[in-house]
Amino acid sequence: MREHIEELLLQSLLHLQRSGVLPEVPEHAVQLERTRSPEHGEFATNLALAHAKQAKKPPRELAQAIVDNLPPSRHVARTEIAGPGFINFFLNPGAFTGVVKEILRAREDYGRLNPDQAESVTVEFVSANPTGPLHVGHGRGAAFGATLSNILAMAGYTTQREYYVNDNGRQMDILAVCVWLRYLELCGEKVAFPENGYRGEYIYDIARVVRSENGDKYRFNGNDVWQGLPGPDSEDREGRIDALIARARELLGEAGYREFFDTALNDILGDIRNDLSDFGVEFDLWFSERELEESGAVQHAIEKLRENGHLYTKDGATWFRASALGDEKDRVVVRENGRTTYFASDIAYFLNKLERGFDRAIYVFGADHHGYVARLRAAAQGLGQDPDRLEIILMQFAVLYRFGEKVQMSTRSGQFITLRELREETGDDAARYFYIMRSHDQHLDFDLDLAKSRSNENPVYYIQYAHARICSVFRNLLQMDLTHNEAIGEAALDVLTEEHEINLIRELSRFPETVDATARKRAPHQMAHYLHAVATQLHAYYNAHQFLVEDENLRNARLNLIQATRIVLQSGLGLLGVSAPEEM
RNA sequence: GCGCCCGUAGCUCAGUAGGAUAGAGCACCGGAUUCCUAAUCCGGGGGUCGCAGGUUCGAAUCCUGCCGGGCGCGCCA
């Protein structure tokens with residue numbers, strides 16, 4: 001319907017252009033909005049206000065000219081010029097009931113968009129280092145990324161979801177060493193554990209796996225481990241742990257070291273994968289940083305920067321002149337010791353995404369990564385790419401509240417709430433919904449008690465209940481030995497003239513444009529709000545009118561309407577990764 | 001110190017690419033069930049949109065400054 005009126009307006013504008021009233025009709029000239037109140041009709045446009053200057057006419061006069069040139073439409077009952085020059089559109093009742101017909105015809109494809117040019121995007125999210133279980137902060141990125149991807153796909157984008165696996169960094173080395181130390185402990189050795197190592201219980205679990213498969217094969221005397229290395233009173237804690245990594249490699253040999261490293265990686269990554277999958281978050285690609293480097297992609301990207309003249313050498317390291325491209329300072333890509341930096345891998349990964357044919361790479365990052373924005377954009381430019389093909393969405397932090405108080409967390413000590421614990425406590429539906437119900441640039445207060453409560457305060461249940469109620473009506477229909485005849489309902493749709501019915505249909509008609517808007521604005525939270533609004537209309541309707549009435553025409557027409565509502569709720573909840581229960 | 005984000009009702013937040021009288025949930029007050037699930041509905045009170053300027057027909061929305069809060073500023077990953 002919206003598109004229909006936009007088309008009418010465009011035709012009018014083109015006509016005015018031909019007759020010389022308007023200089024030119026820019027692309028996206030037509031902006032049609034929903035009115036806030038019915039007295040302004042259904043849709044309104046500010047076209048005349050926006051173009052009055054160019055047309056050298058008073059806004060209201062231009063508005064009249066636009067209205068005079070509108071092609072006739074069976075959906076538009078009348079137009080009205082209001083206020084300083086708004087054009088308001090009032091619709092025929094048939095314009096509303098047509099929506100019900102459309103939904104029942106399209107079913108789960110209602111709201112699926114087919115843009116002329118489908119953009120292809122890759123959405124990277126979570127990408128947590130595989131050094132431990134996901135915690136509640138990752139959960140927000142997971143829910144957001146998954147929902148955004150779902151919506152983009154619905155809006156017609158070619159969408160890929162990917163997870164960047166940091167399987168190559170120093171953090172992984174630290175992890176491997178920690179596993180080894182716990183392994184030695186299990187063997188009965190007494191070994192000091194570095195204070196900045198990974199202390200979580202899960203490290204013991206991994207150590208147990210290594211031991212059950214290898215016995216005491218990698219056992220060394222506890223005294224030999226730290227022999228000659230800086231002691232715990234050393235100032236340089238990082239240097240101390242690096243020395244320990246070197247010692248582990250030396251004692252274990254490459255194969256032995258690999259055993260710990262890979263067991264830890266596979267174990268934790270497998271755990272993350274299961275966790276996300278149980279949470280309804282699936283990835284098309286798990287992209288390995290190690291493979292990126294081994295494939296030569298990092299060198300390839302560095303060469304590209306060099307060709308474009310953005311590299312220079314200083315203090316034995318290779319620097320990227322990022323400051324010339326909007327970043328606050330230059331960045332090292334190859335260290336003095338010859339190793340490439342993490343940033344170099346990032347650049348290579350971005351280039352790789354584009355080379356895989358995506359128009360755009362979307363990154364979902366935690367807000368603490370906002371320093372990367374300027375640097376990655378600089379890199380994109382340095383590679384000779386349009387920096388707008390790189391899009392970074394920053395997720396603000398999620399703070400858990402229990403009994404009205406902030407739940408304290410610290411990753412260092414292993415004292416944090418895992419995503420799995422959260423899911424078990426609130427259930428997946430509530431967790432998915434609560435995570436995305438706020439805008440990503442807003443801090444999220446995650447109220448555990450509210451998410452758990454099976455009460456009217458909980459917005460998830462409010463929406464699910466609307467769906468369950470509809471299902472319940474259809475169950476009752478069967479018990480009355482009646483069936484829903486959609487054909488009769490469709491023929492009788494014109495009887496749906498109650499205000500509650502019009503309001504509900506209006507809400508349903510907004511689904512496609514909501515898919516479009518939430519996709520374009522990368523704003524999944526608006527889908528959550530939209531579904532809440534649909535549920536509100538359904539509940540109001542339910543309370544005001546009886547659906548299972550004697551009159552066959554009215555009954556089937558109403559069943560068509562709530563069936564259409566069920567379809568929209570189901571699709572919408574599906575986008576959010578929330579289930580649509582048949583009874584509650 | 002520099003940079004990014006945020007500041008809207010008592011609380012938590014929306015506010016549709018500048019639009020018409022700023023919305024919702026919770027909390028608070030008052031009502032609704034012989035009838036499809038009351039996890040629901042109906043009504044009510046409650047706002048200097050952080051502050052001050054500016055841009056324009058029109059600003060919560062854009063610009064500048066200030067105040068308050070969060071986060072970040074490694075040849076770490």
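To find a chain, count down the sequence lines: A is the first, B the second, and so on, and within it residues start at 1. Heavy-atom basis, side chains included; hydrogens, waters and symmetry copies ignored.
- As judged by a 4.0 angstrom heavy-atom cut-off over every strand, A/Asn88 is placed among the base-contacting residues.
- The side chain of A/Arg335 contributes an N or O atom lying less than 4.0 Å from OP1 or OP2 of B/rC76.
- Under 3.5 Å, the side chain of A/Arg520 and the base of B/rA17 form at least one donor-acceptor pair of N or O atoms.
- Comparing the C1' positions of B/rG19 and B/rG70 gives a spacing of 32 Å, expressed to the nearest Å.
- Among the protein residues, A/Glu583 comes within range of the nucleic acid bases, having at least one heavy atom under 4.0 Å from a base atom.
- In the model, A/Asp173 has a side-chain atom that pairs as donor or acceptor with a side-chain atom of A/Tyr257 under 3.5 Å.
- Residue-level contact check: A/Arg170 touches the backbone only, with heavy atoms under 4.0 Å from sugar-phosphate atoms and none from bases.
- Between A/Ile174 atom CD1 and B/rC76 atom C1' the separation is 9 Å, expressed in whole Å.
- With hydrogens and angles ignored, a donor-acceptor pair closer than 3.5 Å exists between the side chain of A/Asn46 and the base of B/rG19.
- At a threshold of 4.0 angstrom between heavy atoms, the contacts of A/Glu39 include nucleobase atoms, whether or not backbone atoms are also involved.
- Between the side chains of A/Tyr433 and A/Gln464, no donor N or O sits under 3.5 Å from an acceptor N or O.
- Note on A/Ala544: nothing from the nucleic acid sits closer than 4.0 angstrom, heavy atoms only.
- Base engagement by A/Leu49 is indicated by at least one non-hydrogen atom pair under 4.0 Å involving a base atom.
- At the heavy-atom level, A/Ala44 lies under 4.0 Å from base atoms of the strands shown.
- Annotation: side chain of A/Phe511 is in contact with side chain of A/Tyr530 (closest heavy-atom distance under 4.5 Å).
- Residue contacts shown for A/Arg36 are limited to sugar-phosphate atoms, with no base heavy atom under 4.0 Å away.
- In terms of phosphate contacts, A/Tyr530 brings no side-chain nitrogen or oxygen within less than 4.0 Å of OP1 or OP2 of B/rA24.
- The phosphate of B/rG70 has neither OP1 nor OP2 within less than 4.0 Å of any side-chain N or O from A/Gln442.
- Checking B/rA32 for Watson-Crick or G-U wobble geometry (two distances, each under 3.5 Å) identifies B/rU40 as its partner.
- Only the P atoms considered, B/rC13 is 15 Å distant from B/rG50, to the nearest whole Å.
- When heavy atoms are screened at a 4.0 angstrom cut-off, A/Ala540 is found touching the sugar-phosphate backbone but no base atom.
- The neighbour count for A/Glu33 CD, taken as heavy atoms of other residues, nucleotides or ligands under 6.0 Å away, is above 12.
- If you take atom C1' in B/rG10 and the same atom in B/rG1, they sit 38 Å apart, rounded to whole Å.
- Residue A/Arg331 places no side-chain N or O under 4.0 Å from the OP1 or OP2 atom of B/rG74.
- Checking B/rA17 for Watson-Crick or G-U wobble geometry (two distances, each under 3.5 Å) identifies no partner in any strand.
- One finds a side-chain N or O of A/His525 lying less than 4.0 angstrom from the OP1 or OP2 phosphate oxygen of B/rG15.
- Among the atoms of the strands shown, base atoms are found under 4.0 Å from some heavy atom of A/Arg34.
- Comparing B/rG45 with B/rA39, their P atoms are spaced 28 Å from each other, to the whole Å.
- Within 4.0 Å (heavy atoms only), A/Glu513 reaches no atom of the nucleic acid at all.
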